[in-house]
Amino acid sequence: MDFIVEAVIKAVKDLYQTDIAAKDVNLQETRKEFEGQVTIVTFPYTKVSRKGPEQTGAEIGEHLKNYLPQIAAFNVVKGFLNLSVTDAYWLNELHTNILTDDFAIAKANGHRVMVEYSSPNTNKPLHLGHIRNNLLGFSLAEILAAAGYDVIKANLVNDRGIHICKSMVAWREFGQGETPQSSGLKGDHLAGKYYVWFDKAYKQQIQELIEQGQAEDEAKKNAPLMKEAQQMLVQWENNDPEVIDLWKTMNGWVYEGFDVTYKTLGVSFDKYYYESNTYLLGKDIVEEGLVKGVFFKKEDGSVWIDLTEDGLDQKLVLRADGTSVYITQDLGTAQLKYDDYQMDESIYVVGNEQDYHFKVLFLILQKLGKSWAQGLYHLSYGMVDLPSGKMKSREGTVVDADDLMADMFDTAKKQTEEMGKVDGFSEEDKTKLYHTIGMGALKYFLLKVDPKKRLLFDPNESVDFQGHTGPFIQYTHARIKSVLSRAAYTPESSTNNVAELDGIERDLIVGLTKFPVIIAEAATNHSPAVIANYVYELAKTYNKFYHEKSILQAEEERLKQFRLQLSAASAKVISRGMALLGIAVPERM
RNA sequence: GGUCCCAUAGCUCAGCUGGAUAGAGCAACUGAUUUCUAAUCAGUAGGUCUCAGGUUCGAAUCCUGAUGGGAUCACCA
């Protein structure tokens, strides 16, 4: 639509002798109730035209119609100039753009971006909140790749620390040698089980100590289990062979479990970072900051940065004993990532509870003069809430990722069987289909809302399969594929053979042409929801077309061919759009 | 208490850097299948865009304040 923008600029110059910038041309889609496809808001030009909005619109419209062969007609309603673009233009778009293999595949833009997501703790299994994180991260990586970026998907695994030791201590105390093999329990769930055990037993010990007369704070510190965990952490840092061995074993179980979950979710990573390798990083950056005078040292030896001028607080970056805090490692890890990949942008997919942390982190790196700091971005997404409130691992109010995915599979199976849609499917095909639909419903449900917003999930209400859902879009795709296969349609058979379009056909082409713009928008906004809502709109438009127009029984052969082309193009965009969300679409359902 | 985020139909959400009479889905009601998949389509009903000011040709959108909800303010991560 750039040609229209340029023509408007020229029109304003010719008519009113004024130069305007491209961004001052406000193009929008024409509303359904008016004639045309593209609308220009003419209010802003009334100042230079010194005429009313209607007259200004009429003059610009006349000018455009004279200069642009693609403009068939125009009409003016108040300050809105509605343009009807010729059918020849839309048909040309379909054949020379939409139907080509490289449609909506952006050329490499020469920019490299890292998307860090997932970043689990290895002491418990993944839950619904992690699912949102993983889906957002994976989808965003796909979108950025489609927009022309060179993308690295990174996972920073939190595999060390006191919480990991808690699971280990509990297992050593109560585990009696349980392994995933011996109990049949998935490795990450096994670790999680002992993490919960630790917490239970620990609370009991605290209670006992309080009953013996200790203050609560005191009791929390003195509980034998906590002492044991802390001692284990020291041993771990000292490379105690037995502890390291146990740590490796249990983490190994957890990774096996995570691999299964990741596989079912359909996410993947190009690069793993482990905190056990990075937790000591950052100390040299602290040193650098002291030399540059960005940080200062207090009498006790602790190192701080004063961010009060930026509206934030003073922040500790190194403890008095010289050990790292969270932000120390993150400073070091940020440098490590940059040294590894020299990316232009680095995106952290992390919940909005850490907004403050990332604000501070990025600000510090800027103050340290890191040239790459401006490319850092925190994709801050909202928490997933249950009707009962926030999920809490230790209180068992979490929606487990594996359970949820299994439920989705079962629901998909039940619904599909009820509709009797799987006659002639092999068992293998059925399993694959139920997985595709179940995950499609779940993924779409989570990705269709703006990442920034918090999300309400009711485990008692199953995720819908009708209406604004993943299965609706998947169904539309399957339906198209069914028609195409009945017609034995092949892409080679496509040549232009109609001259004019009907309303719904034109709407469909207009919708298809938007795909590349939508991808770019999703990329700049870091929002898979943009894609999700677009694909839904497109599927709706197609379904309307499907009902209004007969394809296989079209009045004429050339019309049939054209509608098949339009269908094939729709299937392609739906499929690609869903792929950007990490959602597969079935050939039949 | 300081800082940050959020508030649109009964419910879940769209609404791009300000533009036409604020849109979908679910739930409710009505209709469509001798014809390409009815997980679909067409229609009815449902709104003080939390409230009060301000900016201007024009505000759900931008600014200020209030109210309600959430997060965060650890020598935890």
Side-chain angles (χ1 to χ4, degrees), chain A residues 23 26 28 30-31 33-34 39 41-44 46-47 52-53 77-80 82 119 121 158 160-163 275 279 300 302-304 311-313 315-321 323-327 329-330 351-357 359 380 382-383 385 389-390 412 415-416 418-419 421 437 441 445 448-450 452-458 461 464-476 478-487 517-518 521 524-525 529-530 532-533 536-537 539-540 542-554 560 563-564 567 588-589:
Chain A
K23 64 177 180 196
N26 187 344
Q28 51 187 261
T30 304
R31 291 190 149 225
E33 57 265 41
F34 302 105
T39 293
V41 182
T42 56
F43 287 108
T46 54
K47 266 175 251 160
V77 182
K78 293 193 245 178
F80 300 89
N82 303 317
S119 305
N121 294 335
N158 188 304
R160 63 160 286 281
I162 191 74
H163 49 298
E275 277 197 21
Y279 81 105
D300 64 358
S302 58
V303 181
W304 297 73
L312 304 173
D313 304 311
K315 184 84 185 169
L316 177 91
V317 294
L318 197 69
R319 292 191 185 105
D321 64 5
T323 58
S324 301
V325 289
Y326 180 39
I327 203 152
Q329 333 175 11
D330 268 7
N352 63 11
E353 58 201 347
Q354 294 196 38
D355 283 355
Y356 185 74
H357 171 73
K359 214 180 220 177
S380 162
M383 298 287 98
D385 289 321
K390 207 180 164 183
Q415 300 237 1
T416 308
E418 272 173 16
M419 284 188 264
K421 292 221 172 188
I437 296 174
F445 178 81
K448 77 172 176 185
V449 307
D450 185 333
K452 288 183 172 53
K453 297 196 172 170
R454 44 189 285 231
L455 198 69
L456 186 72
F457 182 85
D458 188 345
E461 249 176 69
D464 277 329
F465 284 64
Q466 276 152 19
H468 189 181
T469 67
F472 169 92
I473 298 164
Q474 291 173 321
Y475 172 76
T476 307
R479 205 183 211 186
I480 297 172
K481 282 304 174 104
S482 171
V483 175
L484 293 179
S485 94
R486 277 172 188 276
V517 182
I518 293 292
E521 188 188 327
T524 47
N525 291 345
V530 171
N533 287 303
Y536 170 65
E537 285 300 327
K540 253 196 342 181
Y542 184 84
N543 281 326
K544 192 174 177 180
F545 160 78
Y546 181 92
H547 268 263
E548 282 185 22
K549 301 292 169 192
S550 189
I551 300 166
L552 300 178
Q553 262 73 51
K560 175 178 163 184
R563 288 177 186 163
L564 284 170
S567 298
R588 295 160 59 196
M589 74 181 268

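Keep in mind it's a predicted model, so treat the numbers as computed, not measured. Throughout, a chain's letter reflects where its sequence line sits, starting with A, and its residues are numbered from 1.
Judged by ring centres under 5.5 Å apart and planes tilted less than 30 degrees, A:Phe80 stacks against the six-membered base ring of B:A20. Stacking is found between A:Phe43 and the pyrimidine-like six-membered ring of the B:G19 base under the 5.5 Å centre-distance and 30° plane-angle cut-offs.
A:Phe445 comes within contact range of no nucleotide atom at all, as no heavy-atom separation falls under 4.0 Å. As judged by a 4.0 angstrom heavy-atom cut-off over every strand, A:Gln415 is placed among residues making no nucleic acid contact. Nucleic acid contact for A:Thr323: none, since no nucleic acid atom lies under 4.0 Å from a heavy atom of the residue. Nucleic acid contact for A:Met383: none, since no nucleic acid atom lies under 4.0 Å from a heavy atom of the residue. Across all strands shown, A:Phe472 has heavy atoms under 4.0 Å from sugar-phosphate atoms exclusively, and none from any base. Contact annotation for A:His468: backbone-only contact, meaning every heavy-atom pair under 4.0 Å involves sugar-phosphate atoms and none involves a base. Within 4.0 Å (heavy atoms only), A:Leu318 reaches no atom of the nucleic acid at all. At the heavy-atom level, A:Lys481 lies nowhere under 4.0 Å from the strands shown. A:Thr39 comes within 4.0 angstrom of a nucleotide base, judged by non-hydrogen atoms across all strands. Within 4.0 Å of A:Ala478, counting heavy atoms only, lies at least one base atom of the nucleic acid. In this structure, A:Arg454 reaches the sugar-phosphate backbone alone: every heavy-atom distance under 4.0 Å involves primed, P, OP1 or OP2 atoms, never a base. At the heavy-atom level, A:Val325 lies under 4.0 Å from the strands shown only through sugar-phosphate atoms. Residue-level contact check: A:Asp330 touches neither bases nor backbone, having no heavy atom under 4.0 Å from any strand. If you check every strand for non-hydrogen atoms under 4.0 Å, A:Asp450 touches sugar and phosphate atoms only.
Side-chain proximity of A:Leu456 to B:C13, B:C41, B:C75: nearest is B:C13. The nucleotide whose nearest atom lies closest to any side-chain atom of A:Tyr536 is, among B:G19, B:A38, B:A24, B:A24. Among the nucleotides B:U40, B:C75, B:C16, the one closest to any side-chain atom of A:Arg479 is B:U40.
Note on A:Lys359: every side-chain N or O is 4.0 Å or more away from OP1 and OP2 of B:C73. Side-chain nitrogen and oxygen atoms of A:Arg160 include none within less than 4.0 Å of the OP1 or OP2 phosphate oxygen of B:A77. Contact between the side-chain N/O atoms of A:Arg31 and the OP1/OP2 oxygens of B:G19 is not found at any separation under 4.0 Å. Between A:Lys453 and B:C13, a side-chain N or O to OP1/OP2 separation shorter than 4.0 Å is absent. For the pair A:Tyr356 and B:U72, the criterion of a side-chain N or O lying under 4.0 Å from OP1 or OP2 is not met. Phosphate proximity of B:C57 to A:Lys78: absent, as no side-chain N or O sits under 4.0 Å from OP1 or OP2. Between A:Ser550 and B:U35 there is no side-chain N or O to OP1 or OP2 distance below 4.0 Å.
A donor N or O paired with an acceptor N or O is not found under 3.5 Å between the base of B:C75 and the side-chain atoms of A:Asp321. One N or O donor and one acceptor, one from the side chain of A:Thr416 and one from the base of B:A39, sit under 3.5 Å apart. Between the side chain of A:Asn543 and the base of B:A38, no donor-acceptor pair under 3.5 Å is found. For A:Lys421 against B:U37, a side-chain-to-base donor-acceptor contact under 3.5 Å is present.
Rounded to a whole Å, the NZ atom of A:Lys549 is 17 Å from the P atom of B:C41. Distance CD (A:Gln329) to P (B:C75): 15 Å, rounded to an integer number of Å. Whole-Å rounding puts the A:Lys452 NZ to B:U61 C1' distance at 16 Å. In this structure, CD of A:Gln28 is placed 15 Å from P of B:A22, rounded to the nearest angstrom. Distance CD (A:Glu548) to P (B:G43): 10 Å, rounded to an integer number of Å.
Annotation: side chain of A:His163 is in contact with side chain of A:Asn158 (closest heavy-atom distance under 4.5 Å). You'll find the side chain of A:Leu312 reaches within 4.5 Å of the side chain of A:Tyr356, heavy atoms only.
A 3.5 Å limit on both hydrogen-bonding distances identifies no Watson-Crick or G-U partner for B:U34. Using Watson-Crick or G-U wobble geometry with both donor-acceptor distances under 3.5 Å, B:G53 finds its partner in B:C63. For B:G43, the paired nucleotide is B:C29, the pair qualifying as Watson-Crick or G-U wobble because both relevant distances are below 3.5 Å. In a base pair of the Watson-Crick type (N1 to N3 plus N6-O4 or O6-N4) or a G-U wobble (N1-O2 and O6-N3), with each distance short of 3.5 Å, B:C4 is matched with B:G70.
Comparing B:G46 with B:G23, their P atoms are spaced 14 Å from each other, to the whole Å. Spacing of C1' atoms, B:U8 relative to B:A59, comes out at 14 Å, to the nearest Å. Taking the C1' atom of each, B:C41 and B:C36 are spaced 14 Å apart, rounded to whole Å. Using P as the reference atom, B:G68 and B:U50 are 16 Å apart when rounded to the nearest Å. The separation of B:A45 from B:G15, taken at their C1' atoms, amounts to 22 Å, rounded to a whole angstrom.
Considering all non-hydrogen atoms of both residues, A:Met383 and A:Gly351 come closest at CE-CA, 3.7 Å. The two residues A:Phe545 and A:Ile551 make their nearest non-hydrogen contact at CE2-CD1, 4.1 Å.
Along RNA chain B, the nucleotide closest to A:His163 and the one closest to A:Ile551 are compared, and the more 5′ of them pairs with A:Ile551. For the pair A:Leu316 and A:Val483, nearest-nucleotide mapping onto RNA chain B gives the more 5' position to A:Val483.
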